[in-house]
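Working notes for the structure below.
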Amino acid sequence: MITLDALTKSYGPATVVDAVSLEIADAGVTSIIGPNGAGKSTLLSLASRILGADAGGVTADGVDVLNAPSRAVATILSILRQEHHTTARITVRELVEFGRFPHSHGRLTPECRAAVAEALAYCDLTDLAERPIHQLSGGQRQRAYVAMVLAQDTHYVLLDEPLNNLDMVHATALMRLLRRLADERGKSIVLVLHDVNYASAYSDRIIAMRDGAVIQDGPPSLVIAEDALEAVYGMRFRVHELDGDRVAAYYR
Amino acid sequence: MPPPDVSVDPVTQATGASRAAPAHRRLSRVTIVLTALSLVLAASVTLFLTWDVGGHWDFALPRRLEQVAALAVVGIAVAVSTVVFQTLTQNRILTPSIMGFDALYVLLATTLVFVLGSRGVAQIPDLAMFGLSTGLLVVGATLLYRWVLSDQSRGLYTLVLVGVIAGTLFSSFASFMFRVMNPNEFAVLMDELLASFNRLDTTVLGIAAVVLLAGSFAAFRMRHTLDVLSLGREKAIALGIDHRRTATRLLVIIALLVAVSTALVGPIVFLGLLVANLAYQLTRTHRHAVNLVAASLIAVAALTLGQALLEHVLDFNGTLGSIINLVGGVYFIALLVKEARS
C-alpha cells in the first residue's frame, strides 16, 4: 500500500498540491483526473520523490519513499514521466535494460536478460529491439519507455499522462496492457489521465483533483457522473451507459 | 506469458528483419574503434619521441618522455572531465572549460599569491601550492556549479551564458589582481601560473599523475551510474540514483581533473569539446566504459601529434593551445548553430 500523508507543494504564493492524503491499494488501476493545473502531475512527482515536497510524507509498503535510499525505493516503485529527451545513442533493448539497473547495478544477470526479453515481448517491441530510440515514432518510443518500467518490475507503477501523443490504437493497446499488468501480476498502477472515458473504462478507482485538492474519489460508477464531473471540470457533461461502461460526452 | 494480442503496428511488421542485428556487431565496432585509436596513439607517441633526435638520445629521450607523460596526464584529465560533465549536464556542447572551471582555478591561484605575498609563496613548496589551489577549486567549483545546475528549468543557452559570464568574471578578477600586485609577487605568479604547452610545468607532474589516476579511476568505477544519468535526471532518480549526491561526487572529480590539467598547461578551452564529440561520433554508443577510454585516447594522440608537428614543422611559430582553440572554437560555433536548428 502507498500512503500519501499531507503532501504539500507551493511555488511562491501558489499552492499547487495542498495537503493531499491518500491511500493507494495493493493492486488495481487508479486513475487521477482533473483540469489542467489541478496538481495531478505534481502530486505524482512528489509521491515518487522526483520533486521535493514542501511538507508531508510518502510510504510504500512501509518504506519511507522520500528518505530511504533511492535504490531501495526503485525496487518497489517506478515512475514514468512524459519527458523523453536524451542525447545518448541508445537502442530499444539497451533502454529496456536500464530498467534492470536497480536490481543489477549495471551488470546484467541471466534473470535480467529474461526480464528484458519478456518486457519487450509484452510491449510488442521484440522486432524493434535493436533500433536506436531516436529513429522510432512517438508511439513506439512511448512503448519502449513503458517496457523499461516493466523490466524494472516494481510492485507500484506510476505513469504521468502515458496516453499523450498516442493515437487511439496505441492508447487502447497501452491501457489494455496496464489492465493486464494489474490483473495478471497483481501490480498497482497509478496513472494521470486526461481522457475521462479511458479512466472510466479501465480504472478500479478514480481520483479527481481540482486546485491542488482531491474533490472526488471512488469507483467509476460514482465519479463518472454528471454532477461529479461538473464539480471537477466546471462544465456540463452527459453520461451514458454503453455496453457496461459509463461514457461521458462533452463535445457540445 | 501469452503474446500481446493488441497493438499491431505496421512499422513493427515491416522491420522484422532488423531483429537479426546482433549485439556482437556493435561490440566489434567498439573494438575496431578502440584498437584503431590505440594504434594512432602509439604512432603519435613514437613520432614525438623519435623525430629529429639527431643522435642525442641520452639528452632528448628523458626530456621527451617527461613531456609525453605530461601531455598524457593533461589529455586524459581533459577528456574524462568533459565526458563526465556533458553526461551530468545532458548536453554535448558545454565543457568544464566553457563553464569557467579553468578560469576559476587561475583566479584561486592568483588570490593565493596575492594574499600570501611572494615571501609566503616562496616558503610553501610547489606541491603544497598545487594542493591548496586544487582543494580550493574542488570546494568552490562544486558549490558554485551545484547551485548553477540545481535548477533544471534552465535551458542550454542560459547555461552557456552563465558559463561565459562566470569565466569572464573570474578572468577579470584575476587580471585586476595582476595590476595591483607588486612586481615581485607578479613574477612569482607568472612562474606559478603561466604554464603552456611550450612551457610545461613538470614540477607537479608526479602529484598531478596521482590525482589524475585517482579521479579517472573514480569516474570509471561510476561508469554504469553515468550510463543511467545520460537518460536525464528524472529517469535516473526513478532508476534509483541519488541524483544530488551523485552530482556532487562527479563535480568533485571534474574539479580535481581540471586542476590537474590547468596546473600543467594552463587553460585550454576547446580541447575537451573536440575530443568528447569525436569519441561519441566514432564509438556510437552511450556506454561510458567505451567513451571515457576513446576520448582519452583521442586527446593524448592529438596532443602528442600536434606538439610534434608544431615543434618540427612550424618551428614553434605558434602554440598548441591557440591551434586547439582555433579549431575547437569553430567547431563550438558549428555545434551551437546545429543545436539551434534542431
Side-chain angles (χ1 to χ4, degrees), chain A residues 45 48-51 69-75 77-81 83-91 93-95 98-102 104-107 118 121-132 136-137 139-140 143 145 148-149 152 158 169-170 172-174 176-177 180 184, chain B residues 1-23 25-26 86-87 89-93 152 221-246 280-281 283-289 291 339:
Chain A
S45 299
S48 57
R49 82 205 179 289
I50 297 263
L51 188 66
S70 191
R71 187 160 276 176
V73 175
T75 58
L77 180 150
S78 56
I79 166 81
L80 183 63
R81 298 239 311 148
E83 214 221 321
H84 297 328
H85 168 79
T86 175
T87 51
R89 195 184 274 269
I90 301 174
T91 65
R93 182 185 303 283
E94 288 167 335
L95 180 74
F98 275 128
R100 299 305 299 173
F101 184 77
S104 68
H105 305 184
R107 285 178 195 78
E118 198 188 323
Y122 219 90
C123 294
D124 197 17
L125 284 166
T126 310
D127 291 337
L128 296 174
E130 313 305 333
R131 285 259 221 114
L136 301 181
S137 72
Q140 292 168 337
R143 265 164 37 219
Y145 278 98
M148 177 177 92
V149 170
Q152 196 175 341
L158 278 48
V169 177
H170 289 102
T172 303
L174 180 59
R176 285 193 201 174
L177 184 127
R180 274 173 55 208
E184 293 171 7
Chain B
M1 191 59 53
D5 51 338
V6 288
S7 74
V8 175
D9 187 329
V11 183
T12 310
Q13 312 253 306
T15 55
S18 73
R19 190 178 180 172
R25 207 204 290 165
R26 273 201 320 282
Q86 295 198 330
T87 296
T89 55
Q90 280 273 292
N91 80 88
R92 293 188 165 182
I93 293 177
Q152 294 295 321
R221 272 197 54 183
M222 291 174 77
R223 61 193 181 280
H224 297 303
T225 303
L226 285 164
D227 290 348
V228 176
L229 272 181
S230 59
L231 293 178
R233 175 181 166 277
E234 286 186 356
K235 301 233 158 42
I237 295 176
L239 290 172
I241 284 175
D242 184 339
H243 192 268
R244 241 182 107 72
R245 190 190 296 171
T246 307
Y280 305 142
Q281 294 204 341
T283 63
R284 289 201 196 152
T285 171
H286 68 285
R287 282 162 54 217
H288 285 76
N291 281 334
E339 189 81 5

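Each chain gets a letter, A, B and so on, in the order the sequences are listed, and its residues count up from 1. None of the values given here were measured: they were computed from a predicted structure.
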Handout entry: Contact origin within Leu95(A) toward chain B - heavy atom pairs under 4.5 Å
Key =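 Contact with chain B involves the side chain of Leu95(A) alone.
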Where on [X] is there a heavy atom nearer than 4.5 Å to chain A: the side chain, the backbone, both, or neither?
{"X": "Asn291(B)", "answer": "neither"}
{"X": "Arg223(B)", "answer": "side chain"}
{"X": "Thr225(B)", "answer": "both"}

Problem - Approximate separation, where rounding is to 0.5 Å, of His243(B) NE2 and Ser70(A) OG - result: 10.5 Å
Problem - Distance, nearest 0.5 Å, that separates CG of Leu239(B) from CZ of Phe98(A) - result: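 Interatomic distance, Leu239(B) CG to Phe98(A) CZ, rounded to 0.5 Å: 8.5 Å.
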Handout entry: Side-chain heavy atoms of Arg89(A) within contact of Tyr280(B), under 4.5 Å
Key = no
Problem - Top contributor to chain B interface from Gly106(A), Pro69(A), Gly99(A), Ser45(A) [non-hydrogen pairs under 4.5 Å] - result: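 Heavy-atom pairs under 4.5 Å are most numerous for Gly106(A).
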Handout entry: Donor-acceptor contact below 3.5 Å, side chain Glu94(A) vs main chain His286(B)
Key = no
Handout entry: Top of Asp242(B), Asp227(B), Thr285(B) for chain A proximity - count of heavy-atom pairs under 4.5 angstrom
Key =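 When all of Asp242(B), Asp227(B), Thr285(B) are compared, Asp227(B) has the most.
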Problem - Cation-pi check, Lys235(B) onto Tyr145(A) ring (under 6.0 Å, within 45° of axis) - result: yes
Practice task
Looking only at non-hydrogen atoms, find the nearest pair between Ala238(B) and Ala74(A) and report the distance.
Solution key: O-CB, 3.5 Å
